[in-house]
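Report on the structure given below.
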Amino acid sequence: MTPLASIASAVLSVTPWRLERRLEVDAKRAALTRIGGAVGAMVVVGILLLLTGRNAFLIFWQALDAIFGRQRGIEGVALRAIPILMTALGVALSLRMKVWNIGSDGQFLMGALAAVGVGIHMDGPGWLVLILMAAAATLAGAAWILVPALARAYWDVNEIITTLLLNFVALQLVTWSALGFWRDKAAAVIQSTREVPFTLPGIPGANSVTIALLVPLAIAAVLWWVFRSTSIGYEIDIIGGNPRAAGFAGIAVRRRILIVMLFTGAIAGLGGMLQLSAPGAQAMNAGFSAQFGLSGFIVAALAGAAFWGVIGGGLFIASMFYAGIVLQTKGLSVYIIFAIYGVILTGIALGEIAARYRVVRRDAADESGATAGESAAAPQGAGS
């Protein structure tokens, strides 16, 4: 039982009710409780803004207008959602096996760095170079998690530490490339790599969104199908539930862990290439990743590793980020915006926890327990 659930149980102990953990959490119930948590958090944020003398209704209206009031807002959300969704999908895949890939930001950066290397050194048709950039980014993301994957699969080394530490190494390599071996000497102000002269085709009717937006949607659909309809997805879920039982059932646990971790790195690495190929982002510097890996991890964890939940959560987080940027231009402090983020994410987390429990009458629960005990004792009485 989580600390919050323990507190709730202690509060209910003085009432005719008690908290009972659900044996199985329904996906629809979990989604509704998360949405309810977000709505409740927004109400709390509104009350706090009103208490501090700010017009909460005006702020929320400005945020909604910034996102949905014009095409620029919708495209801005989509652009920020693409890297978040890619890292979140990779993390969600690993979480199905209870493997915590905290290094998706490093895999994202190394994928983008590999794509830069291909893009600035290769000549040829744009479509061919883009395909090679995507392949290089995918392989680089998988290679960056290879050592943590081997250590986790064969020596049971904690993957949280190894993947997290590699984030810092990846950031230093990106900085080195921007200041050193791939530096754009023509850039006088911002030190960055040379610019990749290729971008993905745009979506018809959009000004800045490319077909990169379709990639996370396609990956989510494939992963959803794999876990819904194939034995591979079933085996991964079994390993996540009980690795020892999976081994006794004949599942190659170590090989599955290794393959899944490599795929998580590959997805994040491909996300780096998609971000690099967006209009206006064809070069890399130390600020290339605006903590996309951290945002992706939060999205995947709050979505409970449900792939369509990741899509919805990623779009929601991207919407908050874009609205926050617009609200800063209207005079709202960045610290207040971060506080709003925190409260809303906390509300979603509380909703996710609430989905695992239900409140039942203490008398009814005790009566059902007594009935079960009598049923279990009945055969002994009959035989004596």
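In this structure, Arg22 fails the cation-pi test against Tyr357, since its NZ or CZ atom is not both closer than 6.0 Å to the six-membered ring centre and inside 45 degrees of the ring normal.
Under a hydrophobic-cluster definition in which Ile, Leu, Val, Met, Phe, Trp and Tyr are linked whenever side-chain heavy atoms come within less than 4.5 Å, directly or via other members, Val334 and Tyr341 are assigned to the same cluster. Residues Phe168 and Phe288 are members of separate hydrophobic clusters, defined by side-chain heavy-atom contacts under 4.5 angstrom among Ile, Leu, Val, Met, Phe, Trp and Tyr. Both Ile84 and Phe338 belong to a single network of hydrophobic side chains, linked directly or stepwise wherever heavy atoms of I, L, V, M, F, W or Y lie under 4.5 Å apart. Criterion: ILVMFWY side-chain heavy atoms under 4.5 Å apart, direct or through other members. Under it, Met133 and Leu214 are part of a common hydrophobic cluster. A continuous path of hydrophobic side-chain contacts links Met320 to Val45 [ILVMFWY only; heavy atoms under 4.5 Å].
Closest approach of Gly272 and Ala112 over heavy atoms only: O-CB, 3.5 Å. Minimum interatomic distance between Leu130 and Met273 (heavy atoms only, all atoms of both residues): O-CE, 3.5 Å. Leu85 approaches Gly314 most closely through the heavy-atom pair CD2-CA, 3.7 Å. Closest heavy-atom contact between Ala305 and Ala92: CB-O, 3.6 Å. Shown here for Asn167 and Ser104, the closest heavy-atom pair between the two residues is OD1-N, 4.3 Å. When all heavy atoms of Gly293 and Asp105 are compared, the pair lying nearest together is N-OD1, 2.9 Å.
Note that OG1 of Thr210 is 5.0 Å distant from CD1 of Ile82, once rounded to the nearest 0.5 Å. Here the CZ atom belonging to Arg152 is positioned 9.0 Å from the CE atom belonging to Met97, to the nearest 0.5 angstrom. Taking CD1 from Ile74 and CG from Leu315, the interatomic distance works out to 11.5 Å, rounded to the nearest 0.5 Å. The structure places OG of Ser277 at 8.0 Å from CD of Gln282, a figure rounded to the nearest 0.5 Å. Atom OG of Ser333 is separated from atom CG of Leu327 by 11.5 Å, given to the nearest 0.5 angstrom. Between the CD1 atom of Ile325 and the CZ atom of Arg80 there is a distance of 4.0 Å, given to the nearest 0.5 Å.
Within the 4.5 Å cutoff, the side chain of Glu159 has no heavy atoms near those of the Asn101 side chain. Counting only heavy atoms from C-beta outward, the side chains of Asn285 and Val174 never approach each other to under 4.5 Å. When side chains are defined from C-beta on, Arg228 does not count as touching Val226, because their heavy atoms never get closer than 4.5 Å. Side-chain contact between Thr193 and Asp184 is absent, with no heavy-atom pair separated by less than 4.5 Å. No side-chain heavy atom of Thr162 sits under 4.5 Å from any side-chain heavy atom of Val147. Met284 has its side chain within reach of Leu109: a pair of non-hydrogen atoms, C-beta onward, lies under 4.5 Å apart. The shortest side-chain heavy-atom distance between Ser295 and Phe321 falls under the 4.5 Å cut-off. For the pair Leu93/Leu89, no side-chain contact is recorded, criterion being any heavy-atom separation below 4.5 Å from C-beta on.
Arg54 meets the side chain to side chain donor-acceptor pair (under 3.5 Å) test with Thr52; sequence neighbours excluded. Evaluation of the side chain to side chain contact (heavy atoms under 4.5 Å, CB included) rule for Ile35 yields Val39 as partners, not counting sequence neighbours. Scanning for ring-ring contact (aromatic ring centres under 6.0 Å, His included) contacts around Trp127 gives an empty result, with sequence neighbours left out.
Between the side chain of Gln71 and the backbone N or O of Gly205 there is at least one donor-acceptor pair closer than 3.5 Å. Here the side chain of Gln107 pairs a donor or acceptor atom with the backbone of Gly103 at under 3.5 angstrom.
In Phe57, the CZ atom is not crowded: 12 or fewer heavy atoms of neighbouring residues, nucleotides or ligands sit closer than 6.0 Å. Within 6.0 Å of atom CH2 in Trp308, more than 12 heavy atoms from other residues, nucleotides or ligands are found, so the atom counts as buried in its surroundings.
Hydrophobic clustering, defined by side-chain heavy atoms of Ile, Leu, Val, Met, Phe, Trp and Tyr closer than 4.5 Å, groups Tyr322 together with Leu64, Ile67, Phe68, Val77, Val326. In the hydrophobic clustering (ILVMFWY side chains linked at under 4.5 Å, chained through shared members), Ile47 is joined by Val43, Leu51.
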Requested in this report: Check step by step if side-chain contact (heavy atoms from CB on, under 4.5 Å) holds for Ile336 and Leu49.
Outcome: CA-CA 9 Å; Ile336 295 176; Leu49 289 173; 4.2 Å; yes

Requested in this report: Determine, step by step, whether Glu352 and Thr33 satisfy the side-chain contact (heavy atoms from CB on, under 4.5 Å) criterion, reporting the C-alpha distance in whole Å, the side-chain angles of both residues, the deciding distance to 0.1 Å, and the verdict.
Outcome: CA-CA 6 Å; Glu352 195 273 336; Thr33 55; 5.9 Å; no

Report task. Go through Ile317 and Leu345 one step at a time and tell me if the side-chain contact (heavy atoms from CB on, under 4.5 Å) criterion holds. Result -> CA-CA 9 Å; Ile317 295 293; Leu345 292 177; 3.4 Å; yes

Query - side-chain contact (heavy atoms from CB on, under 4.5 Å) evaluation trace for Phe307 with Val222 - result: CA-CA 10 Å; Phe307 300 114; Val222 170; over 6 Å; no

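Separation of the Phe227 and Tyr234 ring centroids does not fall under the 6.0 Å cut-off.
Under the ring pair (Phe, Tyr, Trp, His ring centres under 6.0 Å) rule, Phe108 has a single partner from Phe297, Phe292, Trp144, which is Phe292.
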Residues 246-269 side chain polar contacts: donor-acceptor under 3.5 Å, at least two apart:
residue : atom : partner : partner atom : Å
Arg256  : NE   : Glu235  : OE1          : 2.9
Arg256  : NH2  : Glu235  : OE1          : 2.8
Thr264  : OG1  : Met261  : O            : 2.6

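Classified by interplanar angle (parallel below 30°, tilted 30° to 60°, perpendicular above 60°), the ring pair Phe181/Trp176 is perpendicular.
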